[in-house]
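Proteins get letters first, then strands, A, B, ... in listed order; numbering begins at 1 in each.
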Amino acid sequence: MSFTSDLKSTLADLPEYSVISMRVDTDNYFPAIITTLDTMVEERDFGGVYVASTRPAKAILHRVEQKKITAEDIMFVDCITYSIGGTAKTTENISYVESSTMLENVMLKTTYHASKLEMDQKFVIFDSLNSLAIYNDSKILSEFFHIIVNKLRTKDVFTIVLSVGHDAPGEVERLLDLICDETLDLRRPLKEEG
Amino acid sequence: MYGSRDQLITGIEELDNILNGGIPQGNVVLLTGTCGTGKTTISMEFLVKGALRGENAAFISVTEPSVKLLENMRTYEFFDETLIDESKLFLLDLSVVYRKMGLLTEDHSIEDIDSLLAAFNNVVRALDIKRVVIDSITAICNRLKEKSRIRDFIFNLAKSLTNQGATTILISEIGASASDYSVYGVEEAVADGIILLGNMERRGDLIRTMQVVKMRGTSHSRAKYVMDLTPDGMHMVPLLKWGTEGEDI
């Protein structure tokens, strides 16, 4: 079984309103997000909000379109384009938050766009814990995830918090272990040195 | 313990939750903040949501022509212009009222103030207004000059609007460095409620905030919230506790 087929079958079997902490290796970053979007949108007929703080939404959207995933069913909340001085005009698919430090605005935009989705079944993906941790310390990030994950849970939204590699803050990952229904740790074991 | 005062649902979901059901009916609320904090938008949403519930609403514009206000409001999905055609929402220019009343000087006498109060009363009674916004009370006070006149005017205005069953928002403009809730320090003493809008700087980013400082007649949250102006109106979430070390400006 390959990484993508493993992930696909795991996601396909998860209950409708799951809250997942997903951990992948860096080289599986794109396969993980594309497989997740493909499974949720094309196979499970969900509509979703994709919170992009690792790479600009346009870059993710480009990959999505390349893979022929129905982009109309995904709303992007882009937290990075403003920070890099890019053009940030709201489009049909992309809404912008000025900075990854404005976590409350990320919350507001995420819940707002999730509520506007026409589909009955909805998902939210946070991509990623690592990139949000560049701009925010562990205390405020833990508080952010504690509130947003529980808020989305009350609205029956399938939620995925992605972390990549082994560098995400352990304090936040431990909190996610506590508040998520499941931790999907798809990373290869770290090799012992020496 | 609070009694059973009727509360007016503002229609802004999070604000109604913060206020435990809405603004107590008949209250005069000071909506105060620096420029660009969303005072006009939040108060217009309050009026529109009321008008949609069958409560006639009036926006009395002192600082900008209602035509310009209308243009700005058309960008919001919550703004339903048919309410104006149906005579449920009224946009009134105070400059027109001033002209009709012959109040052309920058300094109002006591007689002028009485005439102005009578004009407000007539409008509210004649149009059966239940929600009033005056944007801004600061601009009116600028013409009253003396603190005693300002106090009398606001006190009498609040009393008469409340007696007519209207719930009122007085918009107050304050400077970025202000430590009070109003320019003259009188408005906040007379008001039943104070809602403070602000900008908070966090690591160089400006965050819009809202806090209900006081609201007579209901138990309410006094926490600080972060606001976002979306096409369908105002949305709020609590300010993250670990992110409160920013500077209010």
Side-chain angles (χ1 to χ4, degrees), chain A residues 49 51 53 75 77 79-85 88-92 94-118 124 132-152 154-155 169 171-172 175, chain B residues 10-18 33 36-38 41-42 45 49 72 74-79 196-212 221-249:
Chain A
V49 178
V51 181
S53 61
M75 183 70 198
V77 175
C79 312
I80 185 165
T81 296
Y82 260 116
S83 311
I84 58 172
K89 194 174 181 342
T90 300
T91 65
E92 230 169 75
I94 309 174
S95 149
Y96 294 89
V97 174
E98 273 186 69
S99 161
S100 294
T101 62
M102 300 167 86
L103 292 172
E104 294 92 342
N105 293 71
V106 176
M107 253 188 234
L108 284 162
K109 289 262 189 277
T110 304
T111 49
Y112 171 71
H113 289 298
S115 73
K116 289 282 169 190
L117 291 168
E118 284 174 5
V124 169
L132 289 174
I134 297 170
Y135 303 96
N136 300 283
D137 66 27
S138 293
K139 293 279 186 201
I140 194 169
L141 258 189
S142 298
E143 189 186 359
F144 166 74
F145 279 117
H146 188 227
I147 293 173
I148 188 72
V149 162
N150 283 312
K151 193 167 182 138
L152 293 171
T154 63
K155 294 179 186 298
E171 188 183 337
V172 187
L175 174 89
Chain B
T10 67
I12 302 164
E13 190 185 342
E14 295 91 343
L15 183 58
D16 287 326
N17 292 339
I18 291 165
T37 47
T41 308
I42 198 170
E45 190 178 350
K49 297 282 169 70
N72 292 333
R74 282 189 185 120
T75 61
Y76 290 96
E77 285 168 15
F78 73 78
F79 187 71
L196 174 65
L197 306 185
N199 286 313
M200 196 189 89
E201 192 172 329
R202 183 191 291 161
R203 298 186 190 184
D205 297 316
L206 215 50
I207 296 172
R208 279 200 174 102
T209 61
M210 196 257 2
Q211 192 167 26
V212 178
S221 162
R222 299 183 82 237
K224 198 174 265 189
Y225 287 75
V226 173
M227 299 191 308
D228 191 21
L229 294 170
T230 69
D232 71 356
M234 190 73 72
H235 290 286
M236 288 171 256
V237 289
L239 180 74
L240 293 172
K241 306 298 178 204
W242 288 97
T244 54
E245 284 162 15
E247 192 183 342
D248 285 322
I249 57 170

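- In this structure, the portions of A:Phe144 lying under 4.5 Å from any heavy atom of chain B include both its backbone and its side chain.
- Looking at heavy atoms from C-beta onward, A:Leu132 lies in side-chain contact with A:Leu103 at the 4.5 angstrom threshold.
- Every residue two or more places apart in sequence or in another chain that forms a salt bridge (Lys or Arg N to Asp or Glu O under 4.0 Å) with A:Lys116 is listed here: B:Asp232.
- B:Lys224 and A:Glu104 are not joined by a salt bridge, as no carboxylate oxygen comes within less than 4.0 angstrom of a charged side-chain nitrogen.
- Taking chain A as the reference chain and counting heavy-atom pairs below 4.5 Å, the highest number among B:Ile207, B:Leu239, B:Val237 is found for B:Val237.
- Taking the side-chain contact (heavy atoms from CB on, under 4.5 Å) definition, one finds that A:Ser115 meets it with nothing, sequence neighbours left out.
- Looking at A:Ile147, the atoms closer than 4.5 Å to chain B (heavy atoms on both sides) all sit in the side chain, from C-beta outward.
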